[in-house]
Amino acid sequence: MASPKRVSKLLAALLATASLSAAPRAFAGDQAPPIIRDTEIEEILHKEVAPVIAASGLNANDVHIYIVGDNEINAESAGGQNIFIFTGLLEETENPNQLIGVVAHEAGHISGGHLVRNEMRDAGMKPFLLTMGLGILAAAAGNGGAAAAAIMSAPQMGALGSIGYSRSQEGAADQAAATSLEKAGISGKGIVDFFDKYRYEEVFDNARRDQYFIDHPLSEDRIEALRRRVESAPHYGETDSAEAIKAHELMKAKLAAFMQAPQLTFNKYPASDTSFIARYARAIAYYQATEPQEAVKQIDALIKDYPDDPYLYELKGQVLFESSRAAEAEAAHRRSVELKPGAPLLLINLSQCLIVEGKPAQLDEAVEDLHKALGIENGDDAVAWRLLSQAYDAKNMPGEARLAAAEEHFNLGQLRDAKSFAMRAREMLKRNTPEWRRATDIVLVAATPEDVRELSRADSGQQ
Ligand SMILES: [Zn+2]
């Protein structure tokens, strides 16, 4: 075990974020399960599923895939074009083809328009409309990304569990999946194999069923209808490439190593296993076991063999940062950014080190990098907003700092806090600047009618 760390006050505040934000980092609204963000995993996932999403008639750039850090076997579509895949389901897929099949099925629910009706019926009309209203207002205010974030952090995320599609919707989504898989030249074998593995769930009552099969009820007839369809498709014999299979295994191993007890990782990947994935998973497990020195040693050995892998530097930076070695962490994160320029999460990691080190030039660089990352993510990153707020505070720019804090809470769907930070930002910022107007927009979006009256009285008093 590592000895207790001596940390500065600012570092302690940052660590409160970082303890959740270990790459893959997870963050959540008040009640939502954590959404996991990790550049490497997102890249693998996107590469796997983009072709079938495009073939389903949806725009792969408009469809947001969120990884939910939860061991439950579940995947849901929600709020227009968002697909939530639980890590429990990811871990259960034996190969890319199975996961692609599940995503094709979810895309079938989206393109079939099954979602809106279900959400209104089951998730409750009022919160759904409230969130969509926020999304529309946020989009009008030039921050479209907040819409998806509000959806994922809103209470109805919890209600998603009870969506439940009808038998005819299941059949339609299966048929749509088979069509888009074939169109993309991908076998439908995986989705049938995946469902087949859970065929026994059909006989359970809901209390014993996995959530995914409560919402997407399996039946013998359903599986057989799908099997007949995909087996007759010309591309049924297509298989995953060796490269895709390896990437899928890496994604599963990385997620498991971050989410499980380290001992489970050490059991699965004993030291005798010298494959890249095993070494990578063990390095993460040492980090999870609070053995940073051993973790860094293992990562350095990996870097020696794979010097161009940006994610090894990212992991090293993460371990060093949490060991209060910010300057060394900065060097590692800087290398990850060099190897993978323009990846927002890598820029955010680097910024976090720069803020802790806190020299004026470093703070300037952090602000610049955070704005760049937020630009790429369409403002949809609460952690980046929080760091930006800290950077502005360190630069003695309290109005900008309050505005960034307002953005952070707005992004998490915490409207009361968003409003109060935005009100304070308005008092500190110069009137009629873009920042002051943005603060006003947030107040208006998050305000009650009474707030709006008060605001207009206050503003007219200042004219
Ligand atoms: Zn379904």
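The structure displayed is predicted, hence computed values, not measured ones. Every number for a ligand or one of its atoms is a count from 1 in the order of the listing.
When atom types are taken as modelled, the side chain of E407 and the backbone of W385 share no donor-acceptor pair closer than 3.5 angstrom. Using modelled atom types, one side-chain atom of R222 and one backbone atom of P217 make a donor-acceptor pair closer than 3.5 Å. Checked by atom type and distance alone, the side chain of K254 never pairs as donor or acceptor with a backbone atom of E249 at under 3.5 Å.
Checking E92 against Y198 by side-chain atom types alone, a donor-acceptor pair falls below 3.5 Å.
Among the heteroatoms counted here (N, O or S) of E170, OE2 is the one nearest to the Zn ion (ligand 1). When you scan the N, O or S atoms of H216 for the one nearest the Zn ion (ligand 1), you land on ND1. With respect to the Zn ion (ligand 1), H105 has NE2 as its nearest N, O or S atom.
At least one N/O/S atom of H109, whether from backbone or side chain, sits less than 2.8 Å from the Zn ion (ligand 1).
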